[in-house]
Amino acid sequence: MSTFRFDDVSIPFRDGQSVGAALVAQGILSWRTTRLEGRPRGLFCGIGICFDCLVTVDGVPSQRACLVRARDGLDVTTQEGSGYAAE
Amino acid sequence: MSAVVVVGAGIVGAACAHSLSAAGAEVIVLDRGSVASGTTSRGEGNILVSDKEPGAELELARLSRDAWLEVGEELGRETLELEEKGGVVVAASPEALDALSSFAAAQRSAGVTALDVAEPRELEPHLRAGLAGGVLYPEDMQVQPVLAAAAMLEAAQRRGARFVAGADVVAGVRDASGRLTGVRTSAGEVIGADAVVNAAGTWGAQVSERLGGPVPVLPRRGFILVTEPLPPMVRHKVYSADYVANVSSSEAGLETSCVVEGTRGGTILIGASRERVGFDTTLDVDVVSTLASQATALFPFLERVNLLRVYRGFRPYCPDHLPVIGPDPRVPGLFHACGHEGAGIGLAPGTGRLIAHHVLGGGPLAPEVAARFTALLPDRFVQEA
Amino acid sequence: MPLSDLPPDGVVIVGAGPAGLACAATLLDQGDTFVTVLDAGSGAGGQYWRQPAPPADSSDPGALRPDAMRGLHHDLGTFAELRSRLEAGQAAGRASLLTDHHVWTVVAAEGGHVVHAVDRSGGPGRERAVELRARHLVIATGAHDRSLPFPGWDLPGVLTAGGLQALLKAGDVALGPRVAVGGTGPFLLPVAAGLADRGATVVGVFEANSPTRWLRELRAVAANRTKLAEGAGYAATLLRRRVPVRTRTMIVEAHGRERVEAVTVARLDASGHPRRDTHRRIEVDAVGVGWGFSPQLDLAVTLGCALTADASGTPVVQVDEWQRTSRSGVSAAGEACGVGGAALAVAEGRLAARGIVGASASDAETAGLREEVARLRAFAAAMHRAHPVPAGWADALRSETVVCRCEEVSAGTVRHAIAERGATDARQVKQLTRAGMGWCQGRVCGHAVELLAGGGSGSPAERLVSTPLPLGVLASRKSRAM
């Protein structure tokens, strides 16, 4: 089965699934913390409207996990705050 | 005690109400919308001395800067998101740096602090490499305009001022001598006043006509880009030296020269284009693309940063690009306080004090200070006509 | 972008859901113009006929199969037919379907409009600016779930009802194992039925309104018997799966630390306020809540199309008998003209196409479509009247409950702006508190803030940029032109 990396874990997925669907299928419900209060967040609207499921994909912050298609070898990382390191 | 009607609850109207009520006037603020619902909510919140050449506008900017610090003391800097962040003007080429240096030299002679910066990246580490140089203006500040307008208006209300939202002024009421004694609203209500202040911003021309003392205030469209929220990446207000030429320009058509700055909320604002296209609300994709292109050229990290929002505002300008502040010589009782173009936020509290001085005949400013602002009086348009 | 790169002038349809697809299929049947359909999704179907992305390798045994999701969809036959007509158009060189294309703005231009999109098909970091000239533009942008805040609604595992269904339809994932579904509207039933059919334990469907409200709408119901049959089908599934359906009940709180662990539900009193003495706590692993849908109006508002209000007071695009908006060369079809379901969207899409090709108002087909639209609109109006947001929806909000999820603005802050600082609509609240200023630009919290401010049907937010795009992508337009 195809897999992508989520932090240090290998996540199996079925072709056609989004990154968010694949994570949720593995029981992972959150992959982001909010900027101000550090609260955990994951999927909410599931259709690209709410931007709650933001995640860093291949080093690019703030991608919508509900829209990004899972692909073999993708490097997905938890997004802390804005996803950008402060200077 | 004087009863004063202030037309407009934008930043200038709020500042006028704030100064007038502090000086003991009985103030009523009318706005056809709500507080800060026009141009005020569509600006970056610039409090700048850096972009102004010596003259009355720079004097007003310096008066206003001191006034902003006092407002910050009174109402709390946090409340206004007032920040003494400083501005950095950068020049890409040696030629642009020459022009910037002589501009800064003239400003220094007028009392502005302008420090040469050999390597702008020491101030702003994310700027691109290879810029020719820059000038640091430590006196430049930033404020959140809506919060500032709301806070000044609320402070005025605590001193007894009244604010009526949704009241459109349709006409002035005059006595037999021609003196303005009040205004009539669209609801048919007549509100009596010893003085009426036209602080209607971009709509100042229409209001001035309704009150019988027309002044030429025209709209100039501007777009501002707002990014996703980020950690602090841009510390100062950073702009390219071309902006200096733009602000004082009177040529027609589009001018863009980007200004990049961070906000308390984490977003980065990229302004500001200026176009004379009347009140056309259309989004011009080429204009916002040009701003994006200039901003990413200054700060390469912005390439991957998302644009979340574009807002569009209409900045009020007079043909000579100076605000019109003072009594209308044709209509006793009428005072103008509009036409601040892209500088209305920064110039608001100084304008408020100047208006209080004119309306109350004395007030907060010493006569020799007020005398510096004769170039802003409405008389210049009356004489032309 | 140089003009030579632009596809031929023709009709550009934004949205490949039921309305957009029906419009495209009819245009290809009836006219000879080139039809371009753009959609942010990975395939045609929209939210209603949402499908998994087509497999990269058709021999991959693990890949998701659209046919495996059959049971989740209603009226798939219509979808298959419309899609095959679009595919035939593509094969004949008369149509193009641009998936993963997010339209970020539209502007009027000489002879029509220019549609600006971001092509995200290359994946993160490889987005590209695309622009299309449209002689005629069709706005078929659909709708999204309407959300209302409640304590704990920001916990992971709490989704919109539509979010739960999207996971199921596009990802074959039934979130659970124990799941609660709440809010109001007939849409909650297929969500719960789909989850139950896929093995989730649906602990309850908590519908805030009473079915007796439908008794006032018998005329609209009688004229739309297929809707009744559809609802009855879902009800039968729920009965078979032993899913309790509780009416006049709402989820007032979600509990948990790092994720949702339980919900509290409460009965509503006669005036629509949750009764504290009826609180009941239920252990769950997931929650889906939906309060109906909000039409996506961004493009129409940007263009200055006239709006009107639907039966619930929600602003929608105003259209004439040909689905034409007040702007010349711009039509709208589907949920953007008022939420009313897929069958209505299909009829409106067809009608819009007939208007564009200049069909006769008197032909039988047009008359039939108009009748269908009127009948389904009447049903939609009945649905809006039968499923209002209850008066006491905000009773459970605590001062610290987050209202704006993006900027983390609390109910206390929003209420302070309204009560103490005089804000009377969502825009003013936003200016004073940042609620609605974040990533989603108020799409999630906007309705709630408007309700808290005492409005609820105010003028919709203007969003000149209808979806985010990297500044570098925008800047690249300039470097290419120079």
Side-chain angles (χ1 to χ4, degrees), chain A residues 1-3 12-72 74-76 81-83, chain C residues 40-42 47 50-57 60 62-66 100 102 120-121 123-126 144-145 147 153-160 162-167 170-173 175 257-260 285-286 294 296 402 405-408 438-441 443-444 467-468 470:
Chain A
M1 198 177 222
S2 313
T3 60
F13 66 90
R14 293 167 65 191
D15 187 31
Q17 279 180 327
S18 66
V19 165
L23 288 170
V24 163
Q26 295 305 306
I28 299 168
L29 292 187
S30 71
W31 44 81
R32 169 172 96 91
T33 55
T34 59
R35 274 171 24 247
L36 307 176
E37 292 177 22
R39 302 273 297 150
R41 294 279 177 86
L43 290 179
F44 180 65
C45 81
I47 61 168
I49 295 292
C50 77
F51 296 85
D52 239 9
C53 65
L54 296 179
V55 71
T56 299
V57 179
D58 285 345
V60 187
S62 298
Q63 301 299 309
R64 282 166 279 182
C66 69
L67 295 187
V68 175
R69 183 170 180 170
R71 289 182 203 275
D72 229 358
L74 219 54
D75 181 28
V76 178
S82 68
Chain C
S42 56
Q47 304 309 334
R50 184 181 258 271
Q51 306 283 314
D57 170 7
D60 177 356
L64 295 173
R65 301 281 154 198
D100 296 305
H102 299 239
R120 294 188 175 272
S121 59
R126 286 179 291 278
H144 59 80
D145 282 78
S147 298
W153 75 309
D154 56 333
L155 284 169
V158 180
L159 280 75
T160 63
L164 283 183
Q165 195 187 47
L167 262 180
D172 198 17
V173 179
L175 202 53
R257 288 177 60 81
E258 293 300 303
R259 56 173 292 170
V260 65
D285 307 290
S294 293
Q296 305 228 53
V402 67
R405 302 167 68 98
C406 301
E407 295 298 305
E408 299 170 78
W439 269 104
C440 89
Q441 292 288 294
R443 288 178 176 85
V444 176
T467 183

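We name chains A, B, ... by the order of the sequence lines, and we start the count at 1 in each one.
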Heavy-atom pair count under 4.5 Å with chain A, highest-scoring of C:Pro468, C:Pro470, C:Ala286, C:Gly123: C:Pro468

Test item: C:Arg405 side-chain N/O and A:Arg41 main-chain N/O as donor-acceptor pair under 3.5 Å: no

Atom group of A:Leu74 that falls short of 4.5 Å from chain C, counting heavy atoms: neither

Carboxylate-amine/guanidinium contact A:Arg39 C:Glu408, below 4.0 Å: no

Top contributor to chain C contacts, counting heavy-atom pairs under 4.5 Å, from A:Val57, A:Asp58, A:Ile47: A:Ile47

Close side-chain approach of C:Leu175 to A:Leu29, heavy-atom, < 4.5 Å: yes

Partner chain A: residue of C:Arg443, C:Gln47, C:Gln441 with the largest heavy-atom pair count (under 4.5 Å): C:Gln47

Heavy-atom pair of closest approach, residues C:Leu167 and A:Val24: CD1-CG1, 4.0 Å

Region of C:Asp60 in contact with chain A, defined by heavy-atom distances below 4.5 Å: side chain

A:Phe44 side chain reached by C:Ser147 side chain, heavy atoms, under 4.5 Å: yes

C:Glu258 atom CD: more than 12 heavy-atom contacts under 6.0 Å: no

Part of C:Asp100 lying under 4.5 Å from any heavy atom of chain A: neither

Rounded distance (nearest 0.5 Å) linking atom CG of A:Asp52 with atom SG of C:Cys440: 8.5 Å

Shortest non-hydrogen contact between C:Gly171 and A:Ala21, atoms and distance: CA-CB, 4.2 Å

Contacting moiety of C:Leu164, where chain A heavy atoms sit under 4.5 Å: neither

Interface moiety of C:Ser294 toward chain A, non-hydrogen atoms closer than 4.5 Å: neither

Contact class of A:Leu36 relative to chain C, heavy atoms under 4.5 angstrom: both

Under 4.5 Å from a heavy atom of chain A, the part of C:Gln296 involved: side chain

Minimum side-chain heavy-atom gap A:Cys50-C:Trp439 below 4.5 Å: no

Proximity breakdown for A:Thr34 and chain C, heavy-atom pairs closer than 4.5 Å: both

Choice from C:Gly41, C:Ala63, C:Gly438, C:Pro124 maximising heavy atom contacts with chain A below 4.5 Å: C:Pro124

Heavy-atom contact with chain C under 4.5 Å, split by part of A:Gln63: side chain

Check: C:Gly62 main-chain N/O paired with A:Arg14 side-chain donor or acceptor under 3.5 Å: yes

Any side-chain heavy-atom pair of C:Arg120 and A:Arg64 under 4.5 Å: yes

CD on A:Gln17 to CG on C:Leu64, rounded to 0.5 Å: 5.0 Å

Heavy-atom pairs under 4.5 Å with chain A, option from C:Asp154, C:Val260, C:Asp57, C:Asp145 with the top count: C:Asp154

